[in-house]
Amino acid sequence: MEKTYQPNAIERKHYDHWENQQYFQPTGQGAPYSIMIPPPNVTGTLHMGHAFQQTIMDALTRYHRMMGHDTLWQPGTDHAGIATQMVVERLLGAEGKTRHDLGRETFIDRVWEWKGQSGGTISQQMRRLGDSVDWTRERFTMDEGLSEAVREVFVRLYDEELLYRGKRLVNWDPKFHTAISDIEVENKEEQGSLWHFRYPLADGAKTADGKDYLVVATTRPETMLGDSAVAVHPEDERYTSLIGQFVDLPLVGRRIPIIADDYVDMDFGTGCVKITPAHDFNDYEVGKRHNALLINIFDKSAAVLAQAEAFSYAGQPLDDFDGSLPDGYGGLDRFDARKKIVADFDALGLLESIKDHTLMVPRGDRSHDIIEPWLTDQWYVASTKMAQPAIDAVKDGQIEFVPKMYENEYYHWMNNIQDWCISRQLWWGHQIPAWYDNDGNVYVARDEAEVRSKYSLADDVELTRDEDVLDTWFSSALWTFSTLGWPHDMETVMRFHPTDVLVTGFDIIFFWVARMIMMTMHFIKDDDGKPMIPFKKIYMTGLIRDENGQKMSKSKGNVIDPIDLIDGIDIDELVKKRTSGMMQPQLAAKIEKNTRKSFPEGFAESGTDALRFTLTSLASLSRDINFDVKRLEGYRNFCNKLWNAARLVQMNTFESIEDSDELGAPLDCGQHGGDVEYSLADRWIRSRLQTLIADVHKHYQQYRFDLMSQTLYSFIWDEYCSWYLELSKPVFWNEHSTEAQLRGTRQTVVHVLDQLLRLIHPIMPFITEEIWQSLKPVSGATGDSIMIAEFPKVDEAQTDPTAEADLEWVKEVITGVRNIRGEMNIAPGKPIPVLLANGDETDERRFRENESFLKQLAKLESLTWMNSGDPVPASSQALVGHLKVLVPMAGLIDVAAEKARINKDVEKTNKELARIEGKLTNEKFVSNAPDAVVQKEKEKADAMKTKLADLQSQIDQLNQL
RNA sequence: AGGACUAUAGCUCAGUUGGUUAGAGCGCUGCCUUGACAUGGCAGAGGUCAGCAGUUCAAAUCUGCUUAGUCCUACCA
């Protein structure tokens, strides 16, 4: 093996091998365990959040596979309607074309072409990440099978009246010319103005204080063209006399009623509200109650119409409505119209005032354009009717959120759920299976032929298919069962349903998680006809942010491609990557500056395993995770540590060949039987290993990957490498070691490493495979790959509390000597004599049994046991309980320095003792606290008192010099 | 406006049901190229656990308030 760990040299070959051997596929043996991947956008690339979640999913998958489960990790991608169409339209834009120039069919061909081009990126990235997904089952939401599931669900929901079409106000994106659902709207606070307009009263009416006009306030003056009422509060005395009267809408000349409605807040502004039912969700409700006209004034781009149009609340056009609008507005963009309206009011002397005002502005999460409430025909899922079982499933514990706090968020949304607008005016997506005849009647079925037979339509009835497509999330909502072959392959569906855990971000609870629960429970039933849940647990990961806590986004230029961390990237390349293909090229300079400042050297190559370990270590239950490249470096070093530990193990378990790095024949590690004798260190590490194994299992159960990685890290580094491997050297190097002793330690060194590799394999698949393979001749492991090897289980027979206590003592003695060396500036390599004094029988036994360990690890010239009464020279000392570990000062140690060192210890101990005695003299503590706690404090106090006495006698002795 | 979450070492974060001398990684200081590893070893410095009050024998941990930040929902037109 190389002296340092070189990730790129080992990663790819193992992945190819695993995939070729079909290890990623379910075996058909054992209890099923399944995870559905949250499908990434097929035309996108994976970012740190994906890498993070996929690492967790892969760790879970590999863990369960090694535990003998029939494990399926289902991969796939999503067609991402708007996002993908947007990208392709931009590509067309570069050629100076629009999608309309191409026509629907050609355009969709172009999208497929683009998908083919970019679609491979994600699977390449996933392979580099080591994801053990079953590639033979890979699915795409626009595949024929999944499309069929979509049609099936649509038709069934429609027939059950859980899906309907209606003319309603929707969130309209004037940039993409499509409706979007309410959760695709982001409300952000922005600075705006509040305009106060005078609306003259009709028929000579007057207000209570004698004015001939009402004052209304608005943040959107342009909508006044669609006003159909002015509302006041029914109990507002200023206006009661005017209720039922009219105002003359300025500019338009429309005569509109003054209505009374509770919705109005008397204390805000003037207490008069203009009502524009076709352009505001609240006004729609008010208007509906009072049957005020629904007057639409905008076209699909939110430019003013030449003629306004009016509708009934049932959606019928009102033909006798006079839609005249003032000259000069037709075709004007909404914001130009706003300026003109204000100017015109001003000119008429009807502009009362303009005030600064902060308001919440709705913007599309894709287009970032301001969303317009707009009256259109759309398809809806009656979510309100489907929500209850989904709420109950969480309430009664069938589905559990990890962490628990997200359940409240889920309930809150589900309890206030709105019907889901699922139609999108896009070309890329699942076209809605609905047909219309020339009279506008709607027919829903799987295809046109079925429409005709289902609705008994003659062949000559002309039918046209609905042009719209479905929201991407509609197909994603079916993901857990559509990917398994529903509605045909019910055997597979039932085998892996419900899936075990969904790993995803909290930001898509509503978009995806909640809808999956509703759809799955509606369509998938168990043998008793009881609704089945899609997954038992929902593990919500935090959001990966950059090192400053900023959300990673292309426009901020702070995204990190996980592959760049794996392979490394130089700074120029990184800057180029971050500043190319930007929506706002003017930000390039700033991004370049920040990038160069944050990563002057770019990223070093760290390898997949180090990245995965880092991500795992960040997987605490917190909401936000700031990714710091420094952490990655630390874990890359950890990989190197593991690598070199393996080298040491190999050097001691294989014959060495002179002048060569190649390994010779395997040595006798007990893999073929023979007597073994375990050293204290052997018994200790075997015992400690059992605790580690138990902890790892526990952390998997509790989804505490951060604790798990920390536990593994500190065991491997601080126990296995720093202590155990050092303690194995005295055995290997001692020419008097017996065959049984050598065999025992060789076997332990290999066995523990083998177990560690298995324990950590789900997180670091590549390095563990590489090392595991190299150890096979000495570990006795069979099987082709570590990924299908058995995961370690606790072996109670190996726990050995005596060995743990004895070795703890050994460590303390060694640390004591090192301590003196360190603080007295004695060179680490210089052999020194050490005396052990004031010890009891246990100390003496431990000393006798471990003399060679102690001498070797503390680099001692001699180690002498002092009986009581033996004369002890002036020494620097460390205490291990009562036992004094003494380094004679002669020629080595400065008296003043030693005194200072002891005084520091005295001070610290005194302080602590005072605290404990304070507790113990407190009557209430002694009488109220549990006996065990009081006892513990007493023991601590006693120990400190003797320690202080020892330290004092040491000072006395030094003073006599 | 309502709700949720967060505040622990210079930085990024752990800290289970109240009882630890409050931990880790990175960074920092000193010494070390010892026969796995300088991507290393040994030793060390560094914290009033955001603030205030309370409950308790005992609070980083439980409760209330305050401050700062993040997010969600709803909005007053």
Side-chain angles (χ1 to χ4, degrees), chain A residues 1 3-5 187 194 216-220 223 231 263-265 267-276 280 282-283 286 357 359-360 403 405-406 408-409 412-413 416 506-507 509-510 543 545 547 549 551 604 606 610 614 617-618 620-652 698 702 704 706-707 710 713-714 718 721-722 725-726 729 733 815 818-823 825-829 859 908-909 911-912 915-916 919 922-930 932-934 936-937 940 944:
Chain A
M1 281 166 80
K3 189 176 173 185
T4 52
Y5 162 63
N187 291 296
L194 190 59
V216 298
T218 182
T219 54
R220 306 192 52 208
T223 62
Y263 161 72
V264 180
D265 180 352
D267 300 325
F268 184 84
T270 57
C272 299
V273 185
K274 64 192 263 320
I275 299 297
T276 323
D280 182 283
N282 288 311
D283 290 7
V286 175
H357 186 69
L359 68 162
M360 296 298 269
M405 62 172 175
Y406 291 108
N408 287 331
E409 222 167 292
H412 184 258
W413 190 70
N416 297 290
F506 61 85
D507 49 332
I509 292 185
F510 311 135
L543 222 59
R545 297 168 175 276
E547 67 281 2
K551 205 164 165 173
S606 293
T614 307
S617 76
L618 295 173
S620 62
L621 299 180
S622 72
R623 246 180 110 80
D624 297 306
I625 293 162
N626 297 356
F627 187 84
D628 190 343
V629 183
K630 289 285 170 53
R631 282 291 280 270
L632 180 62
E633 279 172 35
Y635 292 120
R636 186 195 57 195
N637 296 351
F638 174 63
C639 290
N640 188 58
K641 188 75 182 174
L642 181 60
W643 183 259
N644 276 288
R647 288 182 66 224
L648 178 68
V649 169
Q650 289 175 349
M651 286 173 189
N652 288 299
K698 185 181 81 187
Q702 301 179 344
R704 288 306 303 267
D706 57 330
L707 298 182
Q710 201 190 50
Y713 182 99
S714 66
D718 301 332
C721 291
S722 296
L725 289 181
E726 294 304 323
K729 289 175 183 173
W733 296 352
T815 308
R818 284 178 180 167
N819 219 305
I820 293 167
R821 271 185 198 275
E823 294 189 27
N825 278 322
I826 303 169
K859 300 253 157 47
K908 199 176 143 195
T909 311
K911 226 163 138 187
E912 189 53 26
R915 206 177 65 91
I916 293 171
K919 274 191 188 178
N922 183 343
E923 171 58 27
K924 286 178 179 170
F925 172 72
V926 179
S927 54
N928 285 324
V933 173
V934 176
K936 203 169 140 197
E937 294 297 316
K940 272 199 256 175
M944 280 178 194

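By convention in this document, chain letters (A, B, ...) are assigned in the order of the sequence lines, proteins followed by strands, and residues within each chain are numbered from 1. Here the structure is a predicted model, which means the values were calculated and not measured.
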If I pick the [atom1] atom on [M] and the same atom on [N], what distance separates them, to the nearest angstrom?
| N | M | atom1 | result |
| --- | --- | --- | --- |
| B:G47 | B:C11 | C1' | 14 Å |
| B:G64 | B:U20 | P | 25 Å |
| B:C57 | B:G51 | P | 25 Å |
| B:C26 | B:A74 | C1' | 43 Å |
| B:G10 | B:A45 | C1' | 12 Å |
| B:U56 | B:C42 | C1' | 44 Å |
| B:C5 | B:C62 | P | 11 Å |
| B:U8 | B:U61 | C1' | 12 Å |

- Message: Is there aromatic stacking of A:W733 on B:G35 here, judged by a ring-centre distance under 5.5 Å and a plane angle under 30°?
- Response: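 Stack criterion met.
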With a 4.5 Å cut-off on side-chain heavy atoms, are [Y] and [X] touching?
| X | Y | value |
| --- | --- | --- |
| A:V649 | A:L725 | yes |
| A:L543 | A:D507 | yes |
| A:L621 | A:M405 | no |

Nearest-angstrom distance from the residue atom [atom1] of [X] to [atom2] of [N]:
| X | N | atom1 | atom2 | value |
| --- | --- | --- | --- | --- |
| A:R545 | B:C71 | CZ | P | 7 Å |
| A:Y406 | B:C5 | OH | C1' | 8 Å |
| A:Y635 | B:G40 | OH | P | 14 Å |
| A:R818 | B:G44 | CZ | C1' | 15 Å |
| A:F510 | B:A74 | CZ | C1' | 13 Å |
| A:K551 | B:C71 | NZ | P | 8 Å |
| A:N644 | B:G41 | CG | P | 10 Å |
| A:K641 | B:A24 | NZ | C1' | 16 Å |

Taking only the side-chain heavy atoms of [X] (C-beta and beyond), determine which of [options] contains the nearest atom.
| X | options | result |
| --- | --- | --- |
| A:T4 | B:A43, B:A77, B:U39 | B:U39 |
| A:R623 | B:C37, B:A77, B:C5 | B:C5 |
| A:R636 | B:U39, B:A77, B:C37 | B:U39 |
| A:N637 | B:A36, B:C37, B:G40 | B:G40 |
| A:N187 | B:A36, B:A74, B:C57 | B:A74 |
| A:H412 | B:U73, B:A77, B:C37 | B:U73 |
| A:M405 | B:C5, B:A77, B:A36 | B:C5 |

- Item | Contact nearer the 5' end of RNA chain B, comparing A:G634 with A:S722 |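 Result: A:G634.
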- Item | 5' precedence on RNA chain B between A:N408 and A:T815 (nearest-nucleotide basis) |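 Its nearest nucleotide being more 5', the pick is A:N408.
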- Item | Where A:K924 and A:N922 come nearest, the two heavy atoms and their spacing |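 So the two residues come closest at N-OD1, 2.9 Å.
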- Query: Of all heavy-atom pairs between A:T276 and A:T223, which one has the smallest distance, and what is that distance?
  - Reply: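 Heavy atoms only, the tightest pair is CG2-O, 3.2 Å.
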- Item | Base-pair map of RNA chain B as dot-bracket, where | denotes pairing with a different strand and pairs are Watson-Crick or G-U under 3.5 Å | (((((((..((((.....[...)))).(((((.......))))).....(((((..]....))))))))))))....
Enter the distance from [X]:[atom1] to [Y]:[atom2] here, rounded to the nearest 0.5 Å.
| X | Y | atom1 | atom2 | result |
| --- | --- | --- | --- | --- |
| A:T219 | A:H357 | OG1 | NE2 | 6.0 Å |
| A:L359 | A:N187 | CG | CG | 10.0 Å |
| A:R220 | A:D280 | CZ | CG | 7.5 Å |

For [X], give me all partners under side-chain contact (heavy atoms from CB on, under 4.5 Å), at least two apart in sequence or on another chain.
| X | answer |
| --- | --- |
| A:D265 | A:D267, A:F268 |
| A:S617 | A:R631, A:Y635, A:S709 |
| A:N626 | A:R545 |
| A:L707 | A:H699, A:R704 |

Using a heavy-atom cut-off of 4.0 Å across all strands, would you classify [X] as base, sugar-phosphate, or nothing?
| X | result |
| --- | --- |
| A:K3 | sugar-phosphate |
| A:F638 | nothing |
| A:N282 | sugar-phosphate |
| A:C721 | base |

Output one line per pair: protein atom, nucleotide atom from nucleotides 60-62 of chain B, and distance, for all N/O pairs under 3.5 Å.
none

Using nucleotides 18-22 of chain B, report all nitrogen or oxygen pairs with the protein that are shorter than 3.5 Å.
unit_1	atom_1	unit_2	atom_2	d
B:U21	OP1	A:K940	NZ	2.9
B:U21	OP2	A:K940	NZ	2.8

- Listed by chain and number, what are the salt bridge (charged side-chain N to carboxylate O under 4.0 Å, His left out) partners of A:K729, not counting sequence neighbours?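 Partners of A:K729 by the salt bridge (charged side-chain N to carboxylate O under 4.0 Å, His left out) criterion, ordered by chain and then number, come out as A:E726.
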- Message: Checking A:E937 now: which residues fulfil side-chain hydrogen bond (donor to acceptor under 3.5 Å, both in side chains) with it, not counting sequence neighbours?
- Response: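 Once residues adjacent in sequence are excluded, the partners of A:E937 under the side-chain hydrogen bond (donor to acceptor under 3.5 Å, both in side chains) criterion are A:K940.
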- Using side-chain hydrogen bond (donor to acceptor under 3.5 Å, both in side chains) as the criterion, list what pairs up with A:R623, not counting sequence neighbours.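 Partners of A:R623 under the side-chain hydrogen bond (donor to acceptor under 3.5 Å, both in side chains) test: none.
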Between side-chain atoms of residues 636-647 of chain A and protein atoms elsewhere (two or more places apart, or another chain), which donor-acceptor pairs fall under 3.5 Å?
unit_1	atom_1	unit_2	atom_2	d
A:N640	OD1	A:Y5	N	3.1
A:N640	OD1	A:N644	ND2	3.3
A:W643	NE1	A:E2	O	2.9
A:N644	OD1	A:R647	NH1	3.0
A:N644	ND2	A:K3	O	3.4
A:N644	ND2	A:N640	O	3.0

- What is the per-nucleotide protein-contact pattern of nucleotides 9-16 of chain B, from the 5' end, where B denotes a base atom under 4.0 Å from a protein heavy atom, S denotes such proximity for sugar-phosphate atoms only, and - denotes neither? ---BSSS-
- Candidate list A:F506, A:W413, A:F510, test ring-ring contact (aromatic ring centres under 6.0 Å, His included), partner A:Y406, passing option: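 The option that passes is A:F506.
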